[in-house]
Amino acid sequence: MANTAWAEIREKFQAALALSRVELHKNPEKEPYKCKYGARVLLEEVKALLGPVPEDEDERLQAEDGLGAEDDALELPAEVVEVEGPNAQGAVRLAVIEFYLGVNHIDTEELSAGEEHLVKCLRLLRKYRLSQDCVSLYILAQNNLGILWSEREEIGTAQAYLESSEALYNQYMKEIGSPPLDPTEHFLPEEEKLTEQERSKRFEKVYTHNLYYLAQVYQHMEMFEKAAHYCHSTLKRQLEHNAYHPIEWAINAATLSQFYINKLCFMEARHCLSAANVIFGQTGKIPTTDDTAEAEGDVPELYHQRKGEIARCWIKYCLTLMQNAQLSMQDNIGELDLDKQSELRALRKKELDEEESVRKKAVQFGTGELCDAISAVEEKVSYLRPLDFDEARELFLLGQHYVFEAKEFFQIDGYVTDHIEVVQDHSALFKVLAFFETDMERRCKMHKRRIAMLEPLIVDLNPQYYLLVNRQIQFEIAHAYYDMMDLKVAIADKLRDPDSHIVKKINNLNKSALKYYQLFLDSLRDPNKVFPEHIGEDVLRPAMLAKFRVARLYGKIITSDPKKELENLATSLEHYKFIVDYCEKHPEAAQEIEVELELSKEMVSLLPTKMERFRTKMALA
């Protein structure tokens with residue numbers, strides 16, 4: 001090829017790359033893809049100047065015509081075929097142009113045309129894909145096809161392309177290992193070729209993206225264990241190669257923590273969240289590179305939103321760790337079991353002894369100063385289940401700190417659902433802390449705090465648009481009043497002669513619990529105010545629990561009027577009977593409330609006798 005023609009090709013190619021990199025918002029408003037279309041014209045001109053596929057390469061392609069697009073993700077070639085001679089070199093340069101045309105069409109939302117160009121790229125490179133000249137480009141093309149098919153929700157095809165890229169990378173690194181050419185180098189003069197270090201950096205970035213896309217595909221396929229493994233590998237590699245956006249990296253690490261929290265792997269979850277805090281703190285402080293977003297620190301809303309989202313992940317960590325401890329130590333009525341607590345104390349020493357070996361197997365991010373910074377955050381937070389009030393209070397205070405942080409962004413005005421979820425988590429933190437508290441008066445105050453934060457929410461909520469949220473809050477407030485009443489009754493039982501003030505307080509709490517349980521049950525009625533004959537699966541257990549607690553609450557009302565007491569017992573019996581009758585008609589409901597059903601059957605048997613005794617007593621009075 002003449003030097004002047006080659007110089008023209010190189011110049012047009014570089015101009016096309018420059019136009020491709022122009023951000024959309026820098027284009028005219030009515031022509032958002034102006035630069036992309038300009039780049040496309042130049043790429044097509046380069047393709048025309050390069051000429052048709054060389055004859056011997058064309059014959060090879062025709063011989064492979066029986067292969068479909070999905071067959072590009074085939075098993076790897078048995079041996080390395082180097083790009084030798086002008087024909088092979090010409091085919092590779094055409095493949096580079098097909099790749100950039102493919103990406104260009106995808107960027108302008110012309111997916112079918114984009115796919116066509118990317119598949120042509122793979123076909124041209126198939127023979128040489130394990131060579132130093134082509135491996136990076138081949139993986140890039142497969143990665144882009146993987147994303148394209150994922151966006152079409154053809155996850156199986158996306159998986160095939162992405163797993164093929166991963167396998168190709170692994171084979172190349174095992175058999176060759178030297179940094180391969182970057183696709184752009186096929187249009188650079190020898191003196192402008194990249195250094196080995198730069199080639200390695202770019203190739204590793206391509207592979208990191210491959211792992212990132214695979215993590216998303218596995219998540220979509222509900223292969224959560226595998227998705228977490230690939231997500232962790234991606235995050236680790238991004239730190240190793242200093243190729244990350246602090247905000248994006250931090251939110252991905254915080255999201256990964258939720259996987260570990262659900263698996264009750266609290267050490268790993270704590271590590272992810274601590275790393276998220278440290279990396280998030282780098283926002284706007286690290287030098288800008290191709291891999292870090294220039295505008296990240298200039299977008300205060302995104303910054304504050306992500307900060308709030310990371311805070312919410314910390315809240316879940318504290319809450320789940322406390323709730324897990326409660327489940328391990330409670331008896332069959334939900335109170336602290338001292339024997340279980342002692343057993344867990346004995347296990348604590350063993351857990352601490354094993355900490356170092358567990359830590360070695362756990363996920364680790366960063367080295368040197370970064371590792372030290374992450375460890376400094378970790379050391380302030382326990383990953384062990386709290387065994388007493390003091391330990392639980394430390395986690396509670398940390399969780400509450402992040403509640404306040406999350407609420408700074410997720411305010412009721414604009415983020416209704418998010419704000420409510422944060423407040424519900426705050427309430428749940430108080431609820432689980434109350435489990436560890438031995439002083440009943442202080443426990444009452446904790447439930448009172450819950451009510452104080454929840455009641456204002458339903459005042460502002462439109463029940464028509466927020467029906468499910470309304471139900472959740474009504475049920476939670478009712479349960480808080482119910483717990484307070486039980487505590488006040490327990491306090492009164494310890495007094496020889498409870499005064500009228502305590503009796504009034506108990507009755508008021510009872511009345512409030514009844515009010516909110518009834519609001520919840522009324523929300524299940526149809527537009528004609530008729531209670532459903534068949535309760536939906538999603539609300540079956542809460543509906544049955546509400547009925548059971550309403551029955552119990554009517555039986556707990558303190559009154560000196562025998563007639564009123566008889567009315568209360570009759571109402572109580574009516575609700576117990578509803579539970580028994582419903583479970584007879586719908587046997588599947590019995591599995592949801594086994595304990596409550598047995599108690600209801602017992603009360604249906606006992607209450608009529610008690611009521612009869614009352615009637616006799618009233619007749620004799």
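Residues take their numbers from the sequence shown, with the count starting at 1.
Lys36 NZ: more than 12 foreign heavy atoms inside a 6.0 Å radius. For Asp538, the CG atom sits in a packed shell: over 12 heavy atoms of surrounding residues, nucleotides or ligands are nearer than 6.0 Å. For CD of Glu369, the number of neighbouring non-hydrogen atoms (other residues, nucleotides, ligands) closer than 6.0 Å is 12 at most.
Distance CG/Asn252 to CD1/Ile279: 12.0 Å, rounded to 0.5 Å. Between the CG atom of Leu130 and the OH atom of Tyr172 there is a distance of 8.0 Å, given to the nearest 0.5 Å. Taking OH of Tyr466 as the reference point, atom CG of Leu461 lies at 7.0 Å (rounded to 0.5 Å). Here Ile310 contributes atom CD1 and Ile315 contributes atom CD1; the two are 12.0 Å apart, rounded to the nearest 0.5 Å. Once rounded to the nearest 0.5 Å, the distance linking CG of Asn210 with CG of Leu168 reads 9.5 Å. Atom SG in Cys272 sits 8.0 Å away from atom CD in Glu268 (nearest 0.5 Å).
At a cut-off of 3.5 Å, with distance as the only test, no side-chain donor of His419 or Gln411 sits close to an acceptor on the other residue. No side-chain N or O of Gln219 forms a donor-acceptor pair with one of Tyr230 less than 3.5 Å apart. No side-chain N or O of Thr195 forms a donor-acceptor pair with one of Gln197 less than 3.5 Å apart. For Tyr244 and Gln282, the side-chain atoms include at least one donor-acceptor pair closer than 3.5 Å.
Under the 3.5 Å distance criterion, the side-chain polar atoms of Ser164 are left unmatched by any main-chain donor or acceptor of Ala160. Judged purely by atom type and a 3.5 angstrom limit, Lys236 uses its side chain to pair as donor or acceptor with the backbone of Gln364. Panel note: side chain Ser150, backbone Gly146; no donor-acceptor pair is recorded below 3.5 Å. A donor-acceptor contact shorter than 3.5 Å links the side chain of Trp249 to the backbone of Leu235.
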Go through the steps to decide whether Phe266 and Asn324 satisfy the test side chain to side chain contact (heavy atoms under 4.5 Å, CB included), and finish with yes or no.
CA-CA 11 Å; Phe266 294 106; Asn324 183 249; 4.2 Å; yes
Show the numbers, then the answer: is there a side chain to side chain contact (heavy atoms under 4.5 Å, CB included) between Val416 and Ile420?
CA-CA 6 Å; Val416 178; Ile420 288 168; 3.8 Å; yes
The test is side chain to side chain contact (heavy atoms under 4.5 Å, CB included); show your working for Ser375 and Glu379 and say whether it passes.
CA-CA 6 Å; Ser375 296; Glu379 285 164 11; 4.2 Å; yes
Verdict with supporting geometry, Arg237 and Glu240, salt bridge (Lys or Arg N to Asp or Glu O under 4.0 Å)
CA-CA 5 Å; Arg237 286 177 61 81; Glu240 286 168 1; 5.3 Å; no
Could you give me the CA-CA distance, side-chain angles and deciding distance for Glu248 and Arg306, then say whether salt bridge (Lys or Arg N to Asp or Glu O under 4.0 Å) is met?
CA-CA 8 Å; Glu248 184 186 342; Arg306 296 293 185 247; over 6 Å; no
Would Gln305 and Glu309 count as a side-chain hydrogen bond (donor to acceptor under 3.5 Å, both in side chains) if you check the C-alpha gap in whole Å, the side-chain angles of each, and the deciding distance to 0.1 Å?
CA-CA 6 Å; Gln305 181 177 345; Glu309 287 167 356; 3.1 Å; yes
Checking side chain to side chain contact (heavy atoms under 4.5 Å, CB included) for the pair Asn143/Tyr161: CA distance, chi angles, key distance, verdict?
CA-CA 7 Å; Asn143 281 355; Tyr161 276 118; over 6 Å; no
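Tyr402 has its ring centre no less than 6.0 Å from the ring centre of Tyr317. Remark: aromatic rings of Phe259 and Phe224 are distant, center separation not under 6.0 Å. In this structure, the ring of Tyr169 has its center less than 6.0 angstrom from the ring center of Phe203.
Annotation for Leu50 and Ile9: closest pair CD2-CD1, 4.0 Å, computed over non-hydrogen atoms. Closest approach of Leu137 and Ala95 over heavy atoms only: CD2-C, 4.2 Å. Summarising the geometry of Ala39 relative to Ala16, their closest heavy-atom pair is CB-O, 3.4 Å, with the distance given to 0.1 Å. Listed here is the closest heavy atom pair of Gly399 and Cys318: N-SG, 3.6 Å. Considering every non-hydrogen atom in both Ala250 and Phe280, the closest pair reads CB-CB, 3.8 Å. A pairwise comparison of heavy atoms in Val278 and Ala373 identifies CG2-O, 3.7 Å as the closest pair.
His105 places a side-chain heavy atom less than 4.5 Å from the side chain of Arg40. With contacts defined as side-chain heavy-atom distances shorter than 4.5 Å, the pair Arg312/Phe410 qualifies. In this structure, the side chains of Glu405 and Lys307 come closer than 4.5 Å at one or more pairs of heavy atoms. Side-chain contact between Glu421 and Gln424 is present, with at least one heavy-atom pair separated by less than 4.5 Å. Annotation: side chain of His241 is not in contact with side chain of Lys201 (no heavy-atom distance under 4.5 Å). A heavy-atom distance below 4.5 Å is not found between the side chains of Ser136 and Tyr207. In this structure, His426 and Val422 have side chains that are not in contact, with every pair of non-hydrogen atoms separated by 4.5 Å or more. A 4.5 Å side-chain heavy-atom check between Arg270 and Lys380 finds every atom pair outside the cut-off.
Note on ring orientation: taking the six-membered ring where Trp is involved, the planes of Phe409 and Tyr415 are tilted (angle from 30° to 60°). The aromatic rings of Tyr213 and His209 sit tilted relative to each other, their planes meeting at an angle between 30° and 60°. The aromatic rings of Tyr100 and Phe13 stand perpendicular to each other, their planes meeting at an angle above 60°, with 30° marking the opposite boundary.
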Compile the donor-acceptor pairs under 3.5 Å between side chains in residues 179-192 and protein atoms, sequence neighbours left out, one pair per line.
{"unit_1": "Asp182", "atom_1": "OD2", "unit_2": "Thr184", "atom_2": "N", "d": "3.2"}
{"unit_1": "Asp182", "atom_1": "OD2", "unit_2": "Thr184", "atom_2": "OG1", "d": "2.6"}
{"unit_1": "Asp182", "atom_1": "OD2", "unit_2": "Arg202", "atom_2": "NH1", "d": "3.2"}
{"unit_1": "Glu185", "atom_1": "OE1", "unit_2": "Leu194", "atom_2": "N", "d": "3.0"}
{"unit_1": "Glu185", "atom_1": "OE1", "unit_2": "Arg199", "atom_2": "NE", "d": "3.1"}
{"unit_1": "Glu185", "atom_1": "OE1", "unit_2": "Arg199", "atom_2": "NH2", "d": "2.9"}
{"unit_1": "Glu185", "atom_1": "OE2", "unit_2": "Asp182", "atom_2": "N", "d": "2.9"}
{"unit_1": "Glu185", "atom_1": "OE2", "unit_2": "Arg199", "atom_2": "NE", "d": "2.9"}
{"unit_1": "His186", "atom_1": "NE2", "unit_2": "Asp133", "atom_2": "O", "d": "3.0"}

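For residues 9-21, every residue pair satisfying the side chain to side chain donor-acceptor pair (under 3.5 Å) rule, not counting sequence neighbours, is listed here: Lys12-Glu45.
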